[in-house]
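This report refers to the structure that appears directly beneath it.
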Amino acid sequence: MTRPSLPQGMRDFYAETVQKRNYIFSTIKTVFELYGFQPLETPAMENLETLMGKYGEEGDKLIFKVLNNGLNDPKNTDKAKEGFEKLLLGKNTASLTERALKYDLTIPFARFVAMNHKQLLFPYKRYQLQPVWRADRPQKGRYREFTQCDADVVGSNALINEVELALMYHTVFTRLGLKQYVLKINHRKILAALAENCGGSQMLIPISNAIDKLDKTGLEKVKDLLRPSLTEQQVKLVEDYLMVTGTNQEKLMKIEKLFGDNTDAKKGIDDLKYILAKADLAHIEIDFTLARGLDYYTGVIFEAKAPREVQMGSIGGGGRYDNLTGLFGVPGIPGVGISFGVDRIYDVLEELNLFPSTLQQSVKALFFNLGEKEAEKAFELVQQLRNEGIACELFHEPAKMEKQFKFAEKKQIPFAVILGSRELESGKIVIKNLQQGEQHQLPLAELLPFFISL
RNA sequence: GUAGCCAUAGCUCAGUUGGUUAGAGCAUCAGAUUGUGAUUCUGAGGGUCGAGGGUUCGAGCCCCUUUGGUUACCCCA
């Protein structure tokens, strides 16, 4: 018998953590609903085919695949062996695995919309708070099971959606106390304009990947990365592009100058201007080096960053996609969405000490168990309080008072209710405030009003 | 997938060049107290030193394998 353990990168959450996580969840949910989004849940598993090829080459490797059942059945062994041979060559694995844990919420959502678009009322605004799984190597702020909180609008091209999503970021982060968050914003079409000037649209992904590394590796490394596939003139253009600095307005002016009348760039710049004007509350920072993000984004891209004093990557991201359901054979449904990384937000709030101290919910009172008869009466009272919605509990067995006090203290129960032989006799009960150490007697009949009035 | 560091009591950690029976604080339990904790004093229990193999007269310590944690790369929330 080996010691029990958890799979790599998976975690148990005990009460305090769950309460803190619920605080984040409910803050986000409240804001989502405030903006008219409706909940959706999709299963943990999807068909592998639904997920494969949607997250890029790296993404495919990080999908948790589920082994098919019945591989050991004699009639399947040939197929299984054949599948395994293919697997070793890095190929199709359908005969071994047909299902996988979902990798994010967006693609399963697109699958859902593609399946149900005839019944949905557009624009369809849904939010979803569910765990997703990635077979990534765990490290700071990165887990193999983590929760995503997504809100997407599909069936609308209107830029007001982007504005609202930006303001939702603002509202959520402000409510959580993360006042110094930064919402970085860029536009895929501006990146596309850059790619067009560097050899064509097939350069979009390589250039995006390279320039996204700017703050980590520096300009020279980025240029080195691009040199093999670009001319020196094109590298110079990328450099000029990356050197666009200043206020949001200044950046927009400079990029306008750089790309002149390129239609893609113009559209991107107009979109960004619109969002900046309408969502000026949100801490938007235009960042033309922001390029990471999934291949399916086609318009605005967002990345929410934690306050600078915290060493944490992005705590949210999103963007517009023109044709996500097209991947599933239903073209013509555009969408835009955002996502919150709850596990990272949790770590940030913890580090900045931003969780409200009132989160630790416990019962209001612990009734001491001081004997059989006493406990019988106490149980009666406990049930009375519970019927009135007052959370309380009775110590499970007769025990020394010290033990019961310590129990109450550890569970952070504010009141001890003492009902012993004396109280049984006198019809009065002792209530002790455990924080202040003060206690007083009350007639039994006043017990309920006392707790109701708290 | 690649690389570095780490793993000793329930928790946080000591443990000397490899050398008797592996320690401390907190926690737990019991008792000076048969009705008062957080905040007195005394004592006790608790460990296959992550797991498996090897070197050695002898391994918590050295070597190999493996699992987990952690950090960085890739990538990403």
Side-chain angles (χ1 to χ4, degrees), chain A residues 1-11 14 24 28 55-63 90 103-106 129-150 205 208-210 212-213 216-217 221 225 290-295 302-306 311-319 337-348 366 368-371 374 395 398-425 429-441:
Chain A
M1 191 72 180
T2 48
R3 222 183 243 195
S5 64
L6 282 171
Q8 190 175 51
M10 310 273 168
R11 300 162 295 163
Y14 51 73
I24 300 174
I28 293 173
Y55 308 105
E57 217 174 299
E58 282 303 314
D60 283 356
K61 291 184 195 162
L62 299 180
I63 294 171
Y103 178 90
D104 75 350
L105 301 180
T106 307
L129 276 64
Q130 287 194 276
V132 299
W133 294 268
R134 295 186 187 180
D136 208 348
R137 194 57 71 89
Q139 56 179 275
K140 186 178 169 108
R142 187 182 299 188
Y143 310 95
R144 290 187 139 187
E145 177 181 56
F146 63 98
T147 306
Q148 284 194 332
C149 303
D150 280 25
I205 307 274
S208 297
N209 283 337
D212 192 54
K213 291 187 174 54
K216 249 188 196 169
T217 60
K221 286 271 165 61
L225 215 53
L290 171 62
R292 80 178 60 190
L294 299 154
D295 300 351
F302 294 113
E303 177 166 300
K305 306 280 280 186
Q311 284 294 320
M312 183 68 71
S314 102
I315 53 174
I338 58 171
S339 180
F340 289 85
V342 181
D343 298 80
R344 286 193 176 177
I345 291 171
Y346 181 98
D347 290 346
V348 171
L366 178 70
F368 278 22
N369 188 326
L370 297 169
E374 293 86 341
F395 198 77
K400 284 189 162 187
M401 296 192 81
E402 179 175 325
K403 191 167 182 173
Q404 304 194 44
F405 271 119
K406 286 197 166 157
F407 182 82
E409 193 188 321
K410 280 193 184 137
K411 282 190 84 169
Q412 303 195 39
I413 297 172
F415 291 95
V417 177
I418 300 171
L419 198 165
S421 50
R422 285 184 218 157
E423 288 76 15
L424 262 189
E425 216 168 291
I429 205 164
V430 173
I431 296 181
K432 181 161 184 174
N433 181 321
L434 294 176
Q435 273 115 54
Q436 293 160 13
E438 289 161 6
Q439 65 182 52
H440 54 276
Q441 278 196 324

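A, B, ... follow the sequence lines: proteins, then strands. Residue 1 opens every chain. Since the structure is predicted, the reported quantities are computational estimates derived from the model, not experimental observations. Computation of the quantities below employed the complete heavy-atom set of this structure, encompassing side-chain atoms and omitting hydrogens, waters and symmetry-equivalent molecules.
- Base pairing of B:rC26: its partner is B:rG10, meeting the Watson-Crick or G-U wobble criterion (both donor-acceptor distances under 3.5 Å).
- Side chain of A:R144 to backbone of A:D136: a donor-acceptor contact under 3.5 angstrom is found.
- Checked options A:D104, A:D60, A:T106; the residue passing with A:Y55 is A:D104 (criterion: side chain to side chain donor-acceptor pair (under 3.5 Å)).
- Rounded to whole Å, atom C1' of B:rA30 lies 11 Å from atom NZ of A:K403.
- Put simply, CD1 on A:I315 and OG on A:S339 are 11.0 Å apart, with the number rounded to the nearest 0.5 Å.
- Of the residues near RNA chain B, A:G141 and A:Q8, the one whose nearest nucleotide (by heavy atom distance) lies more toward the 5' end is A:Q8.
- Comparing B:rC63 with B:rU17, their P atoms are spaced 15 Å from each other, to the whole Å.
- Spacing between B:rA22 and B:rG60 at atom C1', rounded to whole Å, works out to 8 Å.
- Considering only side-chain atoms of A:K400, the nucleotide from B:rG31, B:rC73, B:rA77 that sits closest is B:rG31.
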Pull out every protein N or O sitting under 3.5 Å from an N or O of nucleotides 34-38 of chain B, one pair per line with the distance.
residue: B:rG35; atom: O6; partner: A:S421; partner atom: N; Å: 3.4
residue: B:rG35; atom: O6; partner: A:R422; partner atom: N; Å: 2.9
residue: B:rG35; atom: O6; partner: A:E423; partner atom: OE1; Å: 3.1
residue: B:rG35; atom: N1; partner: A:E423; partner atom: OE1; Å: 2.8
residue: B:rG35; atom: N1; partner: A:E423; partner atom: OE2; Å: 3.0
residue: B:rG35; atom: N2; partner: A:E423; partner atom: OE2; Å: 3.0
residue: B:rU36; atom: O2; partner: A:K432; partner atom: NZ; Å: 2.6
residue: B:rU36; atom: O2; partner: A:Q439; partner atom: OE1; Å: 3.2
residue: B:rU36; atom: N3; partner: A:Q439; partner atom: OE1; Å: 2.8
residue: B:rU36; atom: N3; partner: A:Q439; partner atom: NE2; Å: 3.4
residue: B:rU36; atom: O4; partner: A:Q439; partner atom: NE2; Å: 3.1
residue: B:rG37; atom: O2'; partner: A:E409; partner atom: OE1; Å: 2.7
residue: B:rG37; atom: N7; partner: A:K432; partner atom: NZ; Å: 3.3
residue: B:rG37; atom: N1; partner: A:L434; partner atom: O; Å: 2.5
residue: B:rG37; atom: N2; partner: A:L434; partner atom: O; Å: 3.0
residue: B:rA38; atom: O4'; partner: A:E409; partner atom: OE1; Å: 3.0
residue: B:rA38; atom: O4'; partner: A:E409; partner atom: OE2; Å: 3.2

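- Looking at heavy-atom distances under 4.0 Å, A:D136 makes contact with a base.
- One interatomic measurement links the two molecules: CD1 of A:I315 to C1' of B:rC76, which rounds to 15 Å at whole-angstrom precision.
- Comparing the P positions of B:rU20 and B:rG4 gives a spacing of 33 Å, expressed to the nearest Å.
- Here B:rC76 presents its P atom at 12 Å from CD of A:E57, a figure rounded to the nearest Å.
- Put simply, CZ on A:R137 is 10 Å from P on B:rG69, counting in whole angstrom units.
- The same atom, P, is picked in B:rC49 and in B:rA9; the two are 10 Å apart, to the nearest Å.
- Separating the CZ atom in A:F407 from the CZ atom in A:F368 is a distance of 10.5 Å, to the nearest 0.5 Å.
- Both distances falling under 3.5 Å, in either a Watson-Crick or a G-U wobble arrangement, place B:rA51 opposite B:rU65.
- Across all strands, A:Y143 comes closer than 4.0 Å to base atoms (heavy-atom distances).
- Across all strands, A:G318 comes closer than 4.0 Å to no nucleic acid atom at all (heavy-atom distances).
- One atom, NZ of A:K61, and another, C1' of B:rC73, lie 13 Å apart when rounded to the nearest Å.
- When heavy atoms are screened at a 4.0 angstrom cut-off, A:K213 is found touching the sugar-phosphate backbone but no base atom.
- Taking the P atoms as reference points, B:rC61 lies 26 Å from B:rG25, given to the whole Å.
- For the OP1/OP2 pair of B:rA72 and a distance below 4.0 Å, the side-chain nitrogens and oxygens of A:Q139 include at least one atom meeting the criterion.
- For the atom pair CZ (A:R142) and CZ (A:R137), the distance works out to 11.0 Å, reported to the nearest 0.5 Å.
- Remark: the backbone N or O of A:N369 is paired with a side-chain donor or acceptor of A:Q404 at under 3.5 angstrom.
- At whole-Å resolution of the value, CZ in A:F302 and C1' in B:rA77 are 16 Å apart.
- Between A:W133 atom CH2 and B:rA77 atom P there is a gap of 17 Å when expressed in whole angstrom units.
- Environment of CD in A:E57: sparse, with no more than 12 heavy atoms of neighbouring residues, nucleotides or ligands closer than 6.0 Å.
- Pair assignment for B:rU2 gives B:rA72, based on Watson-Crick or G-U wobble hydrogen-bonding distances that are each under 3.5 Å.
- No N or O donor and acceptor, one from the side chain of A:R134 and one from the base of B:rC75, sit under 3.5 Å apart.
- The P atoms of B:rU39 and B:rC26 are separated by 11 Å, rounded to the nearest whole Å.
- Between A:K140 and B:rC73 there is no side-chain N or O to OP1 or OP2 distance below 4.0 Å.
- A distance of about 34 Å separates the P atoms of B:rU21 and B:rU67, rounded to the whole Å.
- The nearest heavy atom of RNA chain B to A:L62 and to A:M10 marks one nucleotide each, and the one closer to the 5' end goes with A:M10.
- Between the P atom of B:rA77 and the CG atom of A:D104 lies a distance of 8 Å, rounded to the nearest Å.
- A salt bridge links A:K406 with A:E402: the distance from a Lys NZ or Arg NE/NH1/NH2 to an Asp or Glu carboxylate oxygen falls below 4.0 Å.
- Checking each of A:R422, A:Q441, A:H440 against A:V430 for a side-chain contact (heavy atoms from CB on, under 4.5 Å) leaves exactly one that passes, namely A:Q441.
- With both ends at atom P, the span from B:rU8 to B:rG69 equals 14 Å, rounded to whole Å.
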